[in-house]
Asker: 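Take a look at the following structure, please.
For the single chain, residues carry numbers from 1 onward in sequence order.
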Amino acid sequence: MEKLVCIEKAISLSKQGFETGKGGPFGCVIVKEGVIVGEGYNQVTSSHDPTAHAEIVAIRNACQNLKSFQLEGCEIYTSCEPCPMCFGAIYWARPKAVYYANTREDAAAIGFDDAFIYQELSVDFSKRKIPFSQLGREQALLVFASWAEMEQKTKY
């Protein structure tokens with residue numbers, strides 16, 4: 001499947017999502033060996049789920065279809081440059097490439113501005129807009145130690 005056809009499908013999904021009242025104008029297609037294995041569009045407002053971005057929906061769909069928690073050998077085609085959350089999810093999924101149409105600046109121009117999140121990533125925990133505080137580390141470290149000692153586990 002040609003790259004242009006894939007990005008056009010992602011763009012088509014972005015329009016379908018908002019025209020059907022599901023969410024914002026974002027779509028995503030995941031392809032492996034020339035075949036679409038996952039797709040999605042933004043469903044934040046309809047699902048009442050702030051993580052239901054097009055890329056997240058498509059990653060979940062592809063992983064279910066492939067019966068895998070990673071997207072090795074896959075390409076992601078998305079209608080817009082991924083936000084910080086989707087960027088992280090994409091890296092955890094480990095595809096071989098990402099192609100996008102609109103930029104983050106294009107998204108900001110229509111009200112989807114993630115610049116404050118990019119800025120917050122470099123701010124010390126104590127100075128972030130949403131306070132972060134550490135609690136219960138000693139108890140939580142015991143769970144990590146149990147995991148580390150476990151012989152039969154799926155590493156990722």
Asker: Are the side chain of Glu120 and the backbone of Lys129 linked by a donor-acceptor contact shorter than 3.5 Å?
Answerer: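 Pair found, side chain donor or acceptor close to backbone of Lys129.
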Asker: Is it possible for you to say whether Phe112 and Phe18 belong to one hydrophobic cluster, with membership spreading through side-chain heavy-atom contacts below 4.5 Å?
Answerer: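 Phe112 does not cluster with Phe18.
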Asker: Roughly how far, to the nearest 0.5 Å, is CD1 of Ile90 from OG1 of Thr78?
Answerer: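 Interatomic distance, Thr78 OG1 to Ile90 CD1, rounded to 0.5 Å: 6.5 Å.
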Asker: Under 3.5 Å, side chain of Asn61 to main-chain N/O of Ala58, donor-acceptor pair present?
Answerer: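 Looks like no, no N/O pair under 3.5 Å.
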Asker: For Tyr91, does the OH atom have more than 12 heavy-atom neighbours from other residues, nucleotides or ligands under 6.0 Å away?
Answerer: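 It does not: Tyr91 OH has 12 such atoms or fewer within range.
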Asker: Could you list the donor-acceptor pairs under 3.5 angstrom formed between side-chain atoms of residues 31-45 and any protein atom two or more places apart in sequence or on another chain?
Answerer:
{"from": "Lys32", "atom 1": "NZ", "to": "Glu72", "atom 2": "O", "distance (Å)": "3.4"}
{"from": "Asn42", "atom 1": "OD1", "to": "Gly24", "atom 2": "N", "distance (Å)": "3.0"}
{"from": "Asn42", "atom 1": "OD1", "to": "Val44", "atom 2": "N", "distance (Å)": "3.1"}
{"from": "Thr45", "atom 1": "OG1", "to": "Lys22", "atom 2": "O", "distance (Å)": "3.2"}

Asker: May I ask you to decide if the ring planes of Tyr77 and Tyr99 are parallel, tilted or perpendicular, using 30° and 60° as cut-offs?
Answerer: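 Plane angle under 30°, so parallel.
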Asker: What is the minimum heavy-atom distance between Cys74 and Ile30, and which atoms define it?
Answerer: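 What the structure gives for the nearest pair is CB-CG2, 3.8 Å.
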Asker: Which salt bridge (charged side-chain N to carboxylate O under 4.0 Å, His left out) pairs, counting each pair once, include a residue from residues 135-156, with sequence neighbours left out?
Answerer: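 For residues 135-156: none.
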Asker: Does Gln139 have more than 12 heavy atoms from other residues, nucleotides or ligands lying within 6.0 Å of its CD?
Answerer: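 Open.
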Asker: Do the ring planes of Phe69 and Tyr156 sit parallel (below 30°), tilted (30 to 60°) or perpendicular (above 60°)?
Answerer: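 Ring orientation of Phe69 relative to Tyr156: perpendicular.
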Asker: Shortest non-hydrogen contact from Pro25 to Ser79?
Answerer: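 Minimum heavy-atom separation between Pro25 and Ser79: O-OG, 3.9 Å.
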Asker: Do Trp92 and Val98 sit in the same hydrophobic cluster, where Ile, Leu, Val, Met, Phe, Trp and Tyr count as joined when their side-chain heavy atoms come under 4.5 Å apart?
Answerer: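 No, Trp92 and Val98 fall in different hydrophobic clusters.
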